[in-house]
Amino acid sequence: MPTSYRLYHYWRSSSSWRVRFALDLKGISYEPVAVSLLNGESESSEHLSRNPAGSVPVLEIQAQSPSTTPLLLTESLAILLYLEESHPDRPSLLRGDTITRAQTLALSEVINSGIQPFHNPPVLARHSSEPEEQKAWARDFIERGLGIYEALCQKTRGRFSVGDHPSIADACLIPQIYSAERFGVKLQAFPSIQAIHENLKVLPAFASSHADAFKPLDFKG
Ligand SMILES: N[C@@H](CCC(=O)N[C@@H](CS)C(=O)NCC(=O)O)C(=O)O
């Protein structure tokens, strides 16, 4: 029996989308299980037992034998690195020499640590109860972070953020651009990012992992 995967995720969660993109790009099948961030589901005791942070994604790994207890892995970058190391036969998202791989992780961290946490729903709610003020706060951090990403990727990019193959950095960038647009960030200031995004859009994994492909039919807002 091969290892099987279940991904606890939310359609619009950028961290979840990174993992969906990596799984699809590598051609690894998985069972998606939606955990809503809006109706308390992510704070339920059931989900907290999967992830004490009450956040998504969580990757459930059922190894070879059905009698083995499934493993639960949290933190999207750790999950991406796990998928990378456990499937060396699949297209790699972390290529090149030591420096190139470190540069790839640096770009990923600009988004993972430097942007996403600032527009995470609990942080927005703690900052302000006013939707417009929340959006302005999110825009500030996204614009600052994308400016850093733009400067760094000008030195590493080819067709994608690092060279000519999609990487972990692109897995972080795709959903970050979606969030940027959602909060009203103008992307014209980031020409390299825009060019990379155009190249990412044609990958089958772009469409199959896209938030819209998982958006609940009855979602309003
Ligand atoms: N560093 C974590 C961040 C996870 C995270 O913040 N996920 C968001 C959605 S993108 C979430 O579940 N937010 C709800 C919460 O934190 O309560 C990762 O990369 O997995």
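Order of listing sets the numbers, starting from 1, for every ligand and every atom in it. Model, not experiment: these values are computed from the prediction.
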Distance under 4.0 Å to a non-hydrogen atom of [X]: what atoms of ligand 1 satisfy this?
| X | answer |
| --- | --- |
| Gly54 | 15 (C), 17 (O) |
| Ser13 | 9 (C), 10 (S) |
| Asn112 | 1 (N), 19 (O) |

Fill in: Under 3.5 Å side-chain donor-acceptor pair for His127 and Gln134
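His127 vs Gln134: no donor-acceptor pair found between side chains.
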Discussion item. For Tyr5 and Glu60, which I'm curious about, is there any donor-acceptor pair between the side chains at under 3.5 Å?
Written reply: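 No.
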Worksheet item: What's the shortest heavy-atom distance between Glu84 and Lys26, and which atoms?
Response: OE1-NZ, 2.9 Å
Among protein heavy atoms, which sits nearest to [atom], and what does the distance come to when rounded to 0.1 Å?
| atom | answer |
| --- | --- |
| atom 1 (N) of ligand 1 | Glu75 OE1, 2.7 Å |
| atom 6 (O) of ligand 1 | Gln116 NE2, 3.1 Å |
| atom 3 (C) of ligand 1 | Ser15 OG, 3.7 Å |
| atom 8 (C) of ligand 1 | Asn120 OD1, 3.3 Å |

Ring centroid separation [X] to [Y] under 6.0 Å:
| X | Y | answer |
| --- | --- | --- |
| Phe118 | Phe141 | yes |
| His165 | Phe160 | no |
| Trp17 | Tyr178 | yes |

Item to complete: Could you pull out, from Leu77, Leu80, Val56, the option with a heavy atom nearest to atom 5 (C) of ligand 1?
Response: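 The nearest heavy atom belongs to Val56.
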Practice prompt. From atom 19 (O) of ligand 1, work out which of Ser16, Pro57, Ser76, Ser55 has a heavy atom at the shortest distance.
Written response: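 Heavy atom nearest to atom 19 (O) of ligand 1 belongs to Ser76.
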Worksheet entry | N/O donor-acceptor pair under 3.5 Å between Asp170 side chain and Ser167 backbone |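 It does hold such a pair.
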Discussion item. Side chain, backbone, both or neither: which applies to Pro122 and ligand 1 if a contact is any heavy-atom pair less than 4.0 Å apart?
Written reply: side chain
Discussion item. If we set the cut-off at 4.0 Å for heavy atoms, which region of Thr74 has an atom near ligand 1: side chain, backbone, both, or neither?
Written reply: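 Neither; no heavy atom under 4.0 Å.
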Worksheet item: Is there a heavy atom of Ser42 sitting under 4.0 angstrom from any atom of ligand 1?
Response: no
Discussion item. With a cutoff of 4.0 Å, is Arg18 in contact with ligand 1, counting heavy atoms of the residue only?
Written reply: yes
Fill in: Ile79 and Pro57, any side-chain heavy atoms less than 4.5 Å apart
yes
Discussion item. Is any side-chain heavy atom of Glu130 closer than 4.5 Å to one of Lys135?
Written reply: no
